[in-house]
2 protein chains.
Amino acid sequence: MPLSQCTHPPSAAPATTQPDTEHLCRLLAHVPLLEGLNPDELARFARGVREQNVEKGTVLFHRGDPCHGFHLVLCGQIKLAFTSAEGQEKVIEIMRPGQSFGEAVMFMEKPYFVMAQALTDSRLLHIAKNVVFEEMDRDPTFCRRIIAGLSARLHHLIADVETYSLLSGRERIVGYLLREEESSGEPGLCGRVSIRLPTSKGTIASRLNLTQEHFSRILHELAEAGLIVVEGRTIHIPDVERLRTTSARY
Amino acid sequence: MPLSQCTHPPSAAPATTQPDTEHLCRLLAHVPLLEGLNPDELARFARGVREQNVEKGTVLFHRGDPCHGFHLVLCGQIKLAFTSAEGQEKVIEIMRPGQSFGEAVMFMEKPYFVMAQALTDSRLLHIAKNVVFEEMDRDPTFCRRIIAGLSARLHHLIADVETYSLLSGRERIVGYLLREEESSGEPGLCGRVSIRLPTSKGTIASRLNLTQEHFSRILHELAEAGLIVVEGRTIHIPDVERLRTTSARY
DNA sequence: GCCTGACCTTGATTCTGGTTAACTCATGGA
DNA sequence: TCCATGAGTTAACCAGAATCAAGGTCAGGC
């Protein structure tokens with residue numbers, strides 16, 4: 001269990017702990033991007049890696065900040081979002097353990113154009129630009145991984161655009177619930193499952209490009225139709241198959 | 001002028017012409033992704049390159065088709081779009097000469113998830129997967145370019161998401177006009193410029209996530225406010241600065 | 001000169017989703 | 001205990017944009 005739960009409060013550790021190569025290597029060995037690197041390579045990486053423990057609400061970077069590397073979530077949740085001139089916020093993505101962000105900006109050598117904020121107390125790694133670039137020159141398969149990662153990100157984002165522009169609010173929510181259901185190792189039992197929202201409804205609403213109010217209304221409608229049962233942040237789905245086929249607008 | 005206008009109709013040439021290494025190398029030498037490669041490297045590439053002349057309306061690939069390489073537009077315009085279950089279409093991007101598409105899908109080794117169709121008679125190159133992969137193993141700087149390209153694409157797409165979710169239809173259109181104005185080498189003269197829409201209004205509307213009707217209405221409103229003058233596909237902007245500052249919702 | 005089809009516009013109407021604002025409820029101090 | 005806070009809900013109302021339904025315009029073909 002490399003990317004396990006947080007040691008709940010960021011403990012007495014300073015916000016950014018000092019390098020401890022051995023410890024870092026253990027963590028790095030399980031990062032998807034670095035899997036399969038040998039100990040020497042990992043050690044090279046460790047030079048540029050910094051562990052960060054941040055509390056809920058901490059802003060990792062704002063739009064416009066310079067970018068010196070990329071981040072990797074060990075535990076907790078980080079939201080990526082932008083803010084409009086009028087101060088309203090739109091959540092682009094909620095990053096979960098094992099995911100990384102900021103690579104694209106790093107490769108473009110431009111400032112961040114979104115902001116990142118911890119939704120819960122979180123632990124992450126920051127990998128400095130220079131060690132990434134060095135490793136890229138050294139190892140073509142590492143380049144391949146990066147390319148694969150960026151491609152997947154791109155794919156994901158296009159799927160989001162499709163979702164935003166072709167699906168109604170209701171369909172987006174149903175789709176979200178079904179995806180959450182799939183990714184949370186299902187208990188196998190017939191079609192009856194429960195899922196727990198990873199964060200506040202307001203944040204998820206924004207992620208789906210809805211207002212909190214509208215999100216609330218739609219959940220209510222779905223509940224009224226007997227498709228789901230809402231219990232705080234836990235949502236029970238009595239019949240997944242039925243929910244899936246209900247997408248066909250009401 | 002490497003990427004010049006089309007020899008208007010795709011001439012008598014077959015839809016896919018046979019390799020002619022010398023000719024291809026001349027074309028390849030000016031492709032952004034390949035700039036600076038030496039003749040040997042270009043020749044290696046040429047083995048996997050195919051020139052395509054397609055007429056308006058030709059579908060290059062559908063969603064679900066397997067991907068064997070990526071495409072590069074020499075002249076003409078190609079639209080990338082997806083279609084919803086109910087048959088409505090959403091244009092993601094309109095590719096212009098010098099731009100390439102399909103790389104991300106190629107690197108993921110998955111089928112296409114959007115479709116590509118020529119908006120005008122067009123000439124393009126298809127670069128086969130295997131020569132790209134070979135070159136990547138051989139040349140780390142080539143990898144860097146690909147990474148830079150993918151990163152830029154990602155950035156672009158996130159900017160689109162921002163646009164879709166934070167801006168009103170009117171603001172999106174104004175933004176689009178201003179961007180077109182910038183990219184078309186301005187005639188320098190004070191603030192007065194004219195731009196020509198690259199394709200039909202319906203397609204541009206879809207690109208901006210609007211219906212054709214709504215697009216038409218907004219153009220009308222802008223014209224009424226004296227911000228633009230519409231003359232078929234040509235749009236005159238009497239005062240660019242004024243248009244820019246008008247974004248501040250009406 | 002007329003017909004056709006593609007493209008565009010316009011008006012009436014509907015609807016999805018946003019806005020505003022009041023209210024509930026749980027939590028956690030001080 | 002009381003209050004402050006933040007999350008969530010609800011309802012009334014409004015607006016931006018889609019849909020539906022005609023028309024209009026224009027270029028090309030016959």
Side-chain angles (χ1 to χ4, degrees), chain A residues 9 55-57 77 79 84 86-91 117 119-120 163-174 196-224 228-235 247-250, chain B residues 8-9 55-57 77 79 84 86-91 117-120 163-174 196-224 228-235 247-250:
Chain A
E55 336 190 324
K56 172 173 175 170
Q77 287 152 28
K79 87 170 172 210
S84 75
E86 298 89 41
Q88 59 178 320
E89 186 178 279
K90 152 72 185 150
V91 175
Q117 186 180 27
L119 289 173
T120 62
T163 287
Y164 295 145
S165 47
L166 251 28
L167 267 41
S168 70
R170 189 180 167 133
E171 289 168 315
R172 294 204 292 276
I173 292 184
V174 170
R196 181 148 183 90
L197 300 180
T199 183
S200 78
K201 293 185 183 172
T203 302
I204 294 172
S206 172
R207 168 69 246 271
L208 297 175
N209 229 353
L210 296 168
T211 57
Q212 177 167 270
E213 292 90 331
H214 196 198
F215 185 77
S216 176
R217 265 198 291 262
I218 294 176
L219 279 192
H220 188 85
E221 280 171 31
L222 291 174
E224 215 159 45
I228 61 173
V229 177
V230 181
E231 194 185 325
R233 280 194 191 170
T234 303
I235 299 199
S247 274
R249 320 180 158 262
Y250 43 129
Chain B
H8 280 270
E55 331 190 330
K56 173 171 174 170
Q77 287 152 28
K79 86 169 174 212
S84 76
E86 299 89 40
Q88 61 179 318
E89 186 179 278
K90 153 71 186 150
V91 175
Q117 186 179 28
L119 289 173
T120 61
T163 286
Y164 295 147
S165 46
L166 250 30
L167 267 41
S168 69
R170 187 180 168 133
E171 290 168 315
R172 294 204 294 275
I173 292 183
V174 170
R196 181 148 182 89
L197 301 181
T199 183
S200 79
K201 293 185 182 173
T203 302
I204 294 173
S206 172
R207 167 71 244 272
L208 297 175
N209 229 355
L210 296 166
T211 57
Q212 176 167 262
E213 293 92 328
H214 196 199
F215 184 77
S216 175
R217 268 191 269 269
I218 294 176
L219 279 192
H220 188 85
E221 281 171 31
L222 292 174
E224 216 159 46
I228 60 172
V229 177
V230 180
E231 193 185 325
R233 275 190 195 173
T234 303
I235 299 197
S247 273
R249 330 185 149 254
Y250 45 128

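Numbered from 1 within each chain, the chains take letters A, B, ... in sequence-line order.
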Problem - Any donor-acceptor pair under 3.5 Å from B:Lys90 side chain to B:Arg207 backbone - result: yes

Problem - Gap between atom CD of B:Gln212 and atom CD1 of B:Ile204 - 0.5 Å precision - result: 10.5 Å

Exercise for the section: Mind calculating the distance between CD (B:Glu89) and P (D:dA18) to the nearest angstrom? Expected result: 15 Å

Practice task
Nearest whole angstrom, please: distance from the C1' of D:dG8 to the CD1 of A:Ile235.
Solution key: 13 Å

Exercise for the section: Report yes if a side-chain nitrogen or oxygen of A:Thr211 is closer than 4.0 Å to either non-bridging phosphate oxygen (OP1 or OP2) of C:dG18; otherwise report no. Expected result: yes

Exercise for the section: For the residue pair B:Ser200 and B:Arg233, establish whether any side-chain heavy-atom pair is separated by less than 4.5 Å. Expected result: yes

Problem - Interatomic distance, A:Lys201 NZ vs D:dT9 C1' [rounded to whole Å] - result: 9 Å

Completion exercise
Interatomic distance, CG@B:Leu219 vs CD@B:Glu221, rounded to 0.5 Å, equals 9.5 Å

Problem - A:Glu213 backbone acceptor or donor facing A:Lys201 side chain under 3.5 Å - result: no

Find every protein N or O atom lying less than 3.5 Å from an N or O atom of nucleotides 23-28 of chain C, and list the pairs.
none

Exercise for the section: May I ask you to check whether A:Glu231 and A:Thr234 show a side-chain donor-acceptor distance below 3.5 Å? Expected result: no

Problem - Angle between terminal axes - the helix from C:dG1-D:dC30 to C:dA30-D:dT1, 5 pairs each end, rounded to 10° - result: 20°

Practice task
Describe the nucleic acid contact of B:Gly202 in one word from base, sugar-phosphate, nothing, applying a heavy-atom distance below 4.0 Å.
Solution key: sugar-phosphate

Handout entry: N/O (side chain, B:Ser200) to phosphate O (OP1/OP2, C:dC7) under 4.0 Å
Key = no

Practice task
Keeping the roles fixed (side chain from A:Ser165, backbone from B:Asn209), state whether a donor-acceptor pair exists under 3.5 Å.
Solution key: no

Exercise for the section: Using a cut-off of strictly less than 4.0 Å, decide whether B:Arg170 has a side-chain nitrogen or oxygen near OP1 or OP2 of D:dA17. Expected result: no

Handout entry: Atom-to-atom span, CG of A:Leu166 to P of C:dT16 - whole angstrom
Key = 16 Å

Considering only nitrogen or oxygen atoms on both sides, find all protein atoms under 3.5 Å from nucleotides 10-13 of chain C and state each distance.
unit_1: C:dT10; atom_1: OP2; unit_2: B:His220; atom_2: ND1; d: 3.2
unit_1: C:dG11; atom_1: N7; unit_2: B:Arg217; atom_2: NH1; d: 3.0

Exercise for the section: Send over the distance from B:Glu231 CD to C:dC8 P, rounded to a whole Å. Expected result: 15 Å

Problem - Rounded distance (nearest 0.5 Å) linking atom CD of B:Gln77 with atom OG1 of B:Thr199 - result: 5.5 Å

Practice task
Nearest 0.5 Å please: distance from the CZ atom of B:Arg170 over to the NE2 atom of B:His214.
Solution key: 10.0 Å

Completion exercise
To the nearest 0.5 Å, atom CD of B:Gln117 lies from atom NZ of B:Lys56 at 10.0 Å

Fill in the blank from the handout: d(A:Arg196 CZ, A:Ile235 CD1) to nearest 0.5 Å is 10.0 Å

Completion exercise
Between CD of B:Gln88 and C1' of D:dA18 the distance, given in whole Å, is 10 Å

Fill in the blank from the handout: Whole-Å distance, A:Leu197 CG to D:dG8 C1', equals 12 Å

Exercise for the section: Return the minimal non-hydrogen interatomic distance between B:Leu166 and B:Glu171, and the atom names on each side. Expected result: O-OE1, 4.4 Å

Practice task
Using atom CD1 of B:Ile204 as one end and atom C1' of C:dC8 as the other, report the distance to the nearest whole Å.
Solution key: 13 Å

